[in-house]
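The first residue of the sequence shown is numbered 1, and numbering continues consecutively from there. Side chains are part of it too, since the values below use all heavy atoms of this structure and drop only hydrogens, waters and symmetry mates. Both counts, for ligands and for their atoms, begin at 1 and track the order of listing.
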Amino acid sequence: MKRSLLLLALVAFVWACATSTKQEEKQNSTPINYQALGDSITNIAQKTFLGALMKVLSQKGTVEAINFCNLHALSLADSLSRQYQCTIQRLSDRYRNPADRPDANDSTILAEFHATKAMGKLPEPRLVTTSDQVIYYKPIVIGMPTCLQCHGNPTSDIAPATLAVIREKYPQDKAVEYQQGDLRGMWKITFRKN
Ligand code: HEC
């Protein structure tokens with residue numbers, strides 16, 4: 001009798017320990033901060049991308065630089081994607097590369113970004129959570145005159161040789177006529193939820 005009571009106490013003790021560890025584990029596993037993760041991924045991507053662009057621009061000129069404007073021309077985007085198990089895109093309603101065209105859900109967010117921008121404010125990044133994904137959106141602004149060499153006015157900002165290559169490579173191009181400070185598009189980082 002004594003023995004079985006002891007056994008019962010032992011079982012209860014082990015069970016209590018097991019459940020409390022489980023609860024602790026739950027509390028300790030801090031949820032992923034997708035907002036912060038999205039911020040850092042886009043900051044790294046933007047910085048590296050811009051650095052590479054400026055280097056080619058100064059060393060080889062605008063026409064050569066056109067080939068470097070594809071995000072995936074930099075292995076960086078792909079290595080960040082692998083590291084964080086995410087997909088990195090730049091989207092625009094006035095896209096140059098048709099692969100950067102927003103889908104219906106993206107377009108809703110982009111329209112909100114445009115509305116905020118039209119009121120003179122810089123839109124805040126947005127998180128959208130679905131059953132199996134977390135999607136991070138962040139505005140991209142024409143932040144420096146350099147952008148206009150390839151996205152500005154086709155007669156006054158873009159050199160004829162540059163324009164010719166753009167038209168040849170992107171016959172459906174919509175990404176011109178931008179001005180300094182305009183909302184150019186947005187980053188979209190898609191995380192798969194585990
Ligand atoms: C040397 C020319 C050149 C310069 C300078 C340039 N871009 Fe681009 N940009 C391009 C090309 C070409 C593409 C299409 C790339 C591709 O095929 O993925 C592009 C694509 C983009 C896209 C993706 C959406 C789309 O339209 O396909 C964004 C966003 C963008 N550029 C923003 C900028 C910003 C902001 C700057 C200034 C910091 C800038 N670009 C400077 C040539 C340029």
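For the pair Ser81/Thr87, no side-chain contact is recorded, criterion being any heavy-atom separation below 4.5 Å from C-beta on.
One finds a salt bridge joining Asp173 and Arg96 here, because a Lys/Arg side-chain nitrogen approaches an Asp/Glu carboxylate oxygen to under 4.0 Å.
Here the heavy atom of the protein found nearest to atom 27 (O) of ligand 1 is Asp100 OD2, 2.5 Å.
Of the possible polar contacts, one joining the Ser92 side chain to the Arg184 backbone as a donor-acceptor pair under 3.5 Å is found.
No part of Phe68 comes within 4.0 Å of ligand 1, judged by heavy-atom distances. Only the side chain of Leu50 comes within 4.0 Å of ligand 1, judged by heavy-atom distances.
Listed by chain and number, the protein atoms of type N/O/S under 2.8 Å from atom 8 (Fe) of ligand 1 are His151 NE2; waters are omitted.
With sequence neighbours excluded, the residues satisfying ring pair (Phe, Tyr, Trp, His ring centres under 6.0 Å) with Phe191 are Tyr34. The side-chain contact (heavy atoms from CB on, under 4.5 Å) search around Thr48 returns Ile44, Leu76, not counting sequence neighbours.
The closest non-hydrogen atom to atom 28 (C) of ligand 1, taken over Gln46, Lys60, Met54, Arg90, comes from Arg90. When the heavy atoms of Tyr178, Trp187, Tyr95, Tyr170 are ranked by distance to atom 12 (C) of ligand 1, first place goes to Tyr170.
Looking at Asn97 next to ligand 1, an N or O pair under 3.5 Å apart turns up.
Counting only residues at least two apart or in different chains, ring pair (Phe, Tyr, Trp, His ring centres under 6.0 Å) contacts with residues 110-152 are absent.
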